[in-house]
Structures are given as structure tokens and as C-alpha cells.
Amino acid sequence: MAPHLVRPMRFVLPMEAGMRPAWMLRTGLFLYDHLGGRKILPGSRSLDLARDPLGGPLKEGYRKGFEYSDCHTDDSRLVVLNALDAAERGAVIRTRTRCVRAERGESWQLTLEARGGSDSVSARALVNAAGPWAGVVETTVLERAPLQNLRLVKGSHIVVRQLFEHDRGYIFQNADGRVVFALPFERDFTLVGTTDNPFSGDPATVATVPEEIDYLCQVVNAHFRTTIAPGDVVWSFAGVRSLADDGSARPQDTPRDYVLAVDRKGAALVTVIGGKITTFRRLAEAVLDALAPVLGARPAWTANSTLPGGDFPVRGGRGAGRQDTRELAVSERGACASPDRRLWHARASYSGGDANLRRPRAADGRRSDRRGAALSHPV
Ligand SMILES: Cc1cc2nc3c(=O)[nH]c(=O)nc-3n(C[C@H](O)[C@H](O)[C@H](O)COP(=O)(O)OP(=O)(O)OC[C@H]3O[C@@H](n4cnc5c(N)ncnc54)[C@H](O)[C@@H]3O)c2cc1C
């Protein structure tokens with residue numbers, strides 16, 4: 001879908017005292033390797049952390065561990081490319097535009113505000129996909145009763161100077177049962193997160209609090225040889241997860257699956273609760289399935305389609321842990337070797353699709369000379 005944006009990463013899972021036994025983890029990783037039909041990324045393997053260099057940054061005492069494949073992406077670039085793709089297929093993308101009122105009749109009458117002005121559009125169907133704002137949209141824009149099954153959970157991250165020099169990430173099961181990641185970040189740093197704390201209020205105001213920074217420093221100090229204190233944190237940030245509340249006592253136990261609420265009494269309304277980046281295309285297709293009686297049914301088409309700039313062959317197999325694709329092999333090697341931080345950042349962010357981004361396809365499939373919407377307008 002987006003081989004220029006989705007980067008493979010190997011994760012190291014150290015065995016901890018009191019954790020699930022090794023046979024159970026091995027079985028889980030075997031299923032993980034084989035059930036998903038994985039073709040490109042290398043499979044999981046056992047590690048002897050007492051001897052393997054990957055155990056080097058960890059505190060003494062770790063013996064067994066596992067390494068497995070996953071991926072990471074730049075979520076803001078992913079949003080931009082989705083918007084660009086949609087625009088190329090005929091969608092109207094309106095950035096910095098707030099829906100302030102939605103009146104329901106045979107169709108929806110929506111009042112939109114942008115850049116000091118407002119205008120009105122009508123729609124046969126409305127999808128409330130406002131993430132953690134879904135509840136606010138429900139009560140203030142749609143003037144309906146509060147969503148009963150929306151649970152907001154805050155996740156904070158800290159960034160510190162590099163805790164290890166290799167390109168793997170670590171996934172720890174902390175003593176409190178929570179899972180915390182430590183990931184290579186922007187070449188010279190390590191990103192540690194997250195927390196899982198109940199949240200209420202305006203998601204736009206979310207911020208990391210000192211207790212969360214203390215907690216994440218403690219997690220680092222419990223697992224790495226290098227110890228850190230809050231003063232070592234160079235940056236922190238927080239986000240709010242929208243989760244479908246299943247009544248779990250602890251926020252971290254709430255499922256990350258999405259739930260759709262479909263209401264076709266009058267003009268159609270679909271409300272999205274929960275979800276993950278990893279399932280966003282499935283979610284979008286499920287929304288369109290739910291709206292098929294209104295908009296008409298069309299076969300799903302996204303499984304094998306690429307986002308702009310991503311239509312180049314991807315090779316894989318064992319040893320493809322680092323990018324092993326035509327464009328990325330060039331861009332990543334060049335980027336990693338480059339002493340120029342700006343060049344590194346530009347290549348890491350925009351590699352693979354620059355020509356496509358500059359010249360988006362017109363509706364008839366031809367390349368236009370127009371600059372991409374994503375580059376000329378922030379999305
Ligand atoms: C801490 C944290 C860690 C996460 N980790 C992962 C992970 O590792 N893997 C993974 O797959 N997912 C992860 N997620 C989940 C992922 O970020 C979300 O699933 C994803 O961002 C949801 O995208 P979305 O477009 O549905 O919602 P959002 O990205 O929240 O976008 C909602 C949009 O609606 C807009 N909006 C709100 N009100 C209005 C209005 N009235 N009119 C117009 N627009 C409006 C907002 O401005 C916003 O742009 C994580 C989330 C958090 C918070």
C-alpha cells in the first residue's frame with residue numbers, strides 16, 4: 001500500500017520473570033508469523049540475550065528473548081497521502097474546516113467553518129470519524145445524547161538521547177503488566193511510550209504530566225543499563241485514544257478494535273469508535289458497506305491499491321529487515337549515510353514518491369503539472 005512510508009522494524013522482546021512462559025510466546029509468535037500470510041518480512045527468532053549484542057544495552061540478568069518483525073510509519077505523511085489519493089480519485093479535501101452544525105432531514109445540511117468564513121453543504125450520509133472528538137461532535141454538532149461506549153485513554157511518550165545504537169526496537173512487559181516500547185527515533189534519539197491513563201475534556205488540550213514522565217523514566221531504568229531522570233527528557237508528547245468501552249477495569253485492557261454505530265433513521269449516520277492505523281482501510285471499507293443501502297454497493301478495492309508514490313515493486317524474504325526495495329534501498333542508504341540532518345529528514349519523510357507527489361494524477365489518470373494538494377496546503 002505504501003512501501004515508501006511503512007518501514008519494517010525488528011522488535012526485541014526480552015523474557016521477564018513472571019511473564020508468560022517461553023513456549024507460549026514462541027507459539028504466539030509462530031502464529032503471528034504464519035497466520036497473517038506474511039510474505040515480505042523475516043520471521044521471528046529466539047535470542048540468547050546474555051550473548052547477543054541486542055542484550056548489550058539491557059540490564060544484566062536477561063537471558064532469553066525473541067525478535068520479531070513489525071512496521072512503523074509516519075502517521076502525518078500517511079494522512080497526507082490518503083488525502084492526496086482521495087483528491088486524485090475525485091474527493092474534495094477541505095483542510096482546517098470544522099463542521100459546526102449538522103441538521104438531519106431527508107439529507108444532511110452541514111454548516112462548515114473555515115478561515116473566518118462559513119458555508120453550507122448537503123450530504124446523503126454523514127460519517128462521524130472525529131476520533132477522540134467523536135463524543136463532542138455527537139453532543140454539540142449533531143445535538144444527540146452522549147456516546148455511551150466511547151472511552152478516552154491518554155497515551156504519553158518521552159524522547160531521550162539514544163539509549164542504544166542499533167535499529168531494533170524493544171518491547172517490555174513492565175512489572176505492572178503494561179507493555180512499553182523503546183524505539184529508535186529520528187536517528188539520535190530513543191522514543192519511550194506509552195502510558196494508558198483515563199482522559200476527559202478537550203483532546204486538543206492533552207499534555208504529558210510529570211507523573212507520566214517519572215513513570216516512563218522508571219520503566220527505562222528498570223530495563224536498560226543507562227539510567228535516565230526527567231531532566232534527560234528532550235521532548236514529550238501525548239495523544240488521546242478513542243476506544244470502544246467494553247467495561248474493562250483497566251484502560252490498557254480495553255480492546256483496540258473499532259465499533260461502528262449505524263443509524264439510518266432519516267439521512268444515514270455512521271459513528272466510528274476506536275480503531276488503529278493498521279486497520280484503517282478495513283474500517284473505511286466497513287463504513288462503506290454499512291452505507292451501501294444509501295450510496296450503492298461497490299466491491300472493495302483497497303487491499304491491493306497503493307498510495308501515491310508507492311507503486312513500485314517490493315522485494316522481501318529473510319534479511320529484508322531493513323528496506324529492500326528499489327526506492328528505499330537508495331533513499332534509506334543515502335539518508336542514513338548523509339551527514340546533513342535536513343537531507344536525512346527530507347529523504348526519510350518524502351522518499352519514494354517525490355515525483356508522484358509533485359505531479360498528482362488527474363481524474364482521467366494523466367499526470368498533471370499542478371503541485372500536489374498535500375504539498376501546497378497542510379492537511
Ligand atoms: C498514544 C497513542 C498511540 C497509538 N499507537 C498506535 C499504534 O501503535 N498503532 C496503531 O495502529 N494505532 C495507534 N494509535 C491509534 C491511531 O492513532 C488512531 O487509530 C488514528 O489516529 C485514528 O485516526 P482517525 O482519523 O480516525 O482519528 P484522528 O486522527 O483522531 O482524526 C480525527 C480528526 O477529526 C477532526 N475533527 C474533530 N472534530 C471535527 C469537526 N467538528 N469537524 C471537522 N473535523 C473534526 C480532528 O481535527 C481530527 O483531525 C495510537 C493512538 C494514540 C493516541
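Atoms within a ligand are numbered from 1 in the order they appear, just like the ligands themselves.
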A.B. asks: In terms of side-chain geometry, is the basic nitrogen of D33 or R45 positioned less than 4.0 Å from the acidic oxygen of its partner?
C.D. replies: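 Not counted as a salt bridge, because no side-chain N and carboxylate O are separated by less than 4.0 Å.
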A.B. asks: Do any N or O atoms from the side chain of E285 and from the backbone of T302 form a donor-acceptor pair under 3.5 angstrom?
C.D. replies: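 Answer holds: yes.
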A.B. asks: Salt bridge or not between D196 and R178? Use side-chain N to carboxylate O under 4.0 Å.
C.D. replies: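 Looking at D196 and R178, the cut-off is met.
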A.B. asks: Quick check: Y32 with F66 (ring centres under 6.0 Å apart)?
C.D. replies: no
A.B. asks: Does one side chain, of R10 or S44, offer a donor that lies under 3.5 Å from an acceptor on the other?
C.D. replies: no
A.B. asks: So that I know where these two stand, are Y170 and F11 an aromatic pair - ring centroids less than 6.0 Å apart?
C.D. replies: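 No, ring centres 6.0 Å or more apart.
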A.B. asks: Find all protein N or O atoms under 3.5 angstrom from an N or O atom of ligand 1 and list the pairs with distances, or write 'none'.
C.D. replies:
residue  : atom   : partner : partner atom : Å
ligand 1 : 11 (O) : I277    : N            : 2.8
ligand 1 : 11 (O) : T278    : N            : 3.1
ligand 1 : 11 (O) : T278    : OG1          : 3.4
ligand 1 : 12 (N) : I277    : N            : 3.3
ligand 1 : 19 (O) : G275    : O            : 3.1
ligand 1 : 41 (N) : C99     : O            : 3.0
ligand 1 : 42 (N) : C99     : N            : 2.9

